Amino acid sequence: MDRKIVFPGQFLSEKASDAGNGTYVKHGKVYSLFYGVANFKNKVSVVPFSGRYFPHVRDHVIGKVIEVTSSNWIFDIMSPYDGLLHVSEYPRRLDSSMMKKTMDIGDCAILRVKDVSAFMKVELTMRGHDLRILRMGRIIEVQPSKVPRIIGHSGSMVSILKRETNCDIFIGQNGRIWINGKDSDMEHLIEAIRMIENESHTSGLTDRVGHFLKGDEEDLGEAELVEGEFEGVEDEVLDMEEDLLCPDEIGYTEDACRKMDVLLDDERQ
Amino acid sequence: MSEKPEHFIDENGIRLDGRRVDEIRPMKIEIGVLSRADGSCYLEWGNNKILAAVYGPRELHPRRLQRPNEAFVRYRYNMAAFSVEDRIRPGPSRRSTEISKVSGEAFEPVIMIQYYPGAVIDVMTEVLQADAGTRTAAINAATLALADAGIPMKGLVAACAVGKVDGQLVLDLNKPEDNYGDADLPIAMTQDGEITLLQMDGHLTPEEFKAALEMAKKGCEQIFEIQREALMSRYGDIEVVPVAEKEEKDSEESVDVLEEQGEKVENLDEEELTDEEIVEPEAESDSEDSEESTTNAETEEDEGEKDEQ
């Protein structure tokens, strides 16, 4: 098994070159920085079980307005640092008297992190495709470290969620998830997301979520044939899922999956 | 208050509460007990009952306390008014302010404060019931709450006291030993054995002090073991959970394992399908100008959404 639960300061590897995210090197040996799951593929990296979101440039986040100043909206982005959205970063030219009418305290929006300074001044932007004010649907909050798990390898999990519940989903890197659909579908989806969150450290999760979502309606009788092939196939899935625990890859895959999801939706229509 | 006993250690080397001289009190740990805190821990150590909560990293107010290059660890040690026999006046006292300061410093070498410039990590420990050694118990609880909150740390911190009664060194003092003993030496250390807190009350000879340090080290090692166990058992084994889950499902829905596996395979097929679909647009965007195709896709989505609205 190349994954296991580790605590801060746990010895992970003899080789300093193995050190990945969530680890540190002391006297040429690698130790864990977090209480979380260590992944021993290529390099050793540790994904914490919990923790605040840390803003990175180009991340998509869902923010909530906590203050409106004469030229900035201040957003809570579930991180130690508040995000600033300057009026000039709003897609249209806006007079400062119109700012409160556009977005007032409590409003939510999908934003992109434009810049993070050394003093942790987080600048946001709303210029860009997909970035918009959220006027309907619901927002749920999850641990930011579970976000890659909810997206799944190349978007597999999020596609299943979308397909099985007929809801629109947008997953912000900061752990806020926007969903929109029928009330009953959304309830079902929230249950599924909570399940992913609680069992994110286990293997074969995508299957179980798929099963969970279909669960009620499915006719279980038809698919008893493929007993022999089963084990091998599951192993493949495990391998795929282990990859996604590495936070390094998220930035790209997530963007990519969003595009794919859009394309998938089109095909369905 | 009980009277001073005649002897703390009987002729068999057994202490008042039935422990040997180098034995710590039984410890019970529960992690994640507070839902609003980022990390929390409830710890019982003998008759001590401690609740620790960690909030943050979050924005620091007042701003003058902010440190431009690192996070500030704000540790609070507080005894509840009802934690001892005579009600203690609530609010900060000389004693609790001092303990807060030194305990916070005990975590300085392990927490990666440089990751969160300008922020604060609030560690709050409440003593609900006190029975000697509360500052060490609070440190043990705070370590686990910090780990639970996902704070990056180089390692865990354990703390334990050594004292002297009847002219003999004993590990982890209890209330009568603390009240009427000759010395009390609380020590906190990291997993590497680096001492991060050391205070002393009473008298020890240099030789006794050295021996006491060794004893404390052994005590802390036992505590590390207990802390590790508490962290490891919280989420269970990676492999065990899905199996247990399956069994649960089996009993609930009386689905036979075979069928369930079959269904998994079915799900899988669909997953592969999505993967295929995913590959195509990627390839396209590679051949063409990638940005252009992206914008197309996005505008399409926008339109779709407008339709929905």
Side-chain angles (χ1 to χ4, degrees), chain A residues 1 3-5 7-9 22 24 26 31 33-37 48-52 80-82 118-120 129-130 145 154-156 159-160 199 201-204 206-208 210-211 214 218 220-221 223-227 229-230 233-234 237 256-257 259-260 262-267 269, chain B residues 38-39 56-59 68 110 112 115-119 147-156 190-191 227-228 231-232 235 237-239 241-242 245 255 258-268 270-271 274-275 277-278 281-282 285 294-295 297-302 304-305 308-309:
Chain A
M1 193 59 199
R3 277 205 295 159
K4 67 176 183 190
I5 295 175
F7 56 85
Y24 70 97
K26 192 178 173 187
Y31 301 88
L33 266 182
F34 291 107
Y35 172 39
V37 178
F49 280 126
S50 57
R52 294 272 168 113
Y81 312 100
D82 292 336
F119 301 103
M120 298 313 294
H129 36 74
D130 238 14
S145 60
S154 52
S156 60
S159 319
I160 286 190
E199 298 174 22
H201 58 294
T202 60
S203 312
T206 320
D207 299 343
R208 267 181 291 135
H211 179 252
K214 285 180 186 172
E218 266 288 304
L220 297 166
E224 38 182 61
L225 29 136
V226 223
E227 191 195 1
E229 293 170 35
F230 174 67
V233 183
E234 200 199 31
V237 178
C257 351
K259 288 170 207 160
M260 289 153 204
V262 170
L263 287 161
L264 287 177
D265 283 351
D266 287 345
E267 262 179 37
Q269 286 162 6
Chain B
D38 292 307
R58 61 182 177 184
E59 210 169 316
V110 294
M112 305 295 275
Y115 283 15
Y116 301 100
D148 182 38
I151 307 286
M153 288 194 289
K154 284 184 178 167
L156 300 172
T190 67
Q191 277 162 307
Q227 288 176 330
R228 256 171 239 156
L231 288 173
M232 289 308 171
Y235 284 94
D237 196 54
I238 293 179
E239 279 305 284
V241 178
E245 222 254 346
V255 180
L258 235 174
E259 281 176 350
E260 209 176 346
Q261 286 181 347
E263 208 189 339
K264 275 196 174 177
V265 175
E266 211 182 61
N267 291 348
L268 254 175
E270 283 186 42
E271 218 171 284
T274 29
D275 276 353
E277 285 172 330
I278 282 159
E282 277 266 277
S285 62
T294 328
T295 354
E298 299 300 339
T299 33
E300 269 165 34
E301 194 216 28
D302 282 353
E305 256 171 40
E308 280 164 35
Q309 287 170 2

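None of the values given here were measured: they were computed from a predicted structure. Atoms considered below: every heavy atom in the structure, side chains included; atoms not considered: hydrogens, waters and symmetry mates. Reminder, nothing fancy here: chain letters follow the sequence lines and each chain counts from 1.
- Closest heavy-atom contact between P57(B) and I151(B): CD-CD1, 3.7 Å.
- Both the backbone and the side chain of F7(A) come within less than 4.5 Å of a heavy atom of chain B.
- Taking chain A as the reference chain and counting heavy-atom pairs below 4.5 Å, the highest number among Q227(B), R228(B), R58(B), M112(B) is found for R228(B).
- Rounding to the nearest 0.5 Å places CD of Q191(B) at 13.0 Å from NZ of K154(B).
- Annotation: the span from E199(A) atom CD to R208(A) atom CZ amounts to 5.0 Å, rounded to 0.5 Å.
- Your options are P48(A), P80(A), G9(A), A118(A), and the one with the most heavy-atom pairs under 4.5 Å with chain B is P80(A).
- Once rounded to the nearest 0.5 Å, the distance linking CD1 of I5(A) with CG of L231(B) reads 10.0 Å.
- Both the backbone and the side chain of E59(B) come within less than 4.5 Å of a heavy atom of chain A.
- When P117(B), A149(B), G118(B) are compared by the number of non-hydrogen pairs under 4.5 Å with chain A, P117(B) comes out ahead.
- Taking the six-membered ring where tryptophan is involved, the planes of F49(A) and Y35(A) are perpendicular, since the angle between them exceeds 60° and thus also 30°.
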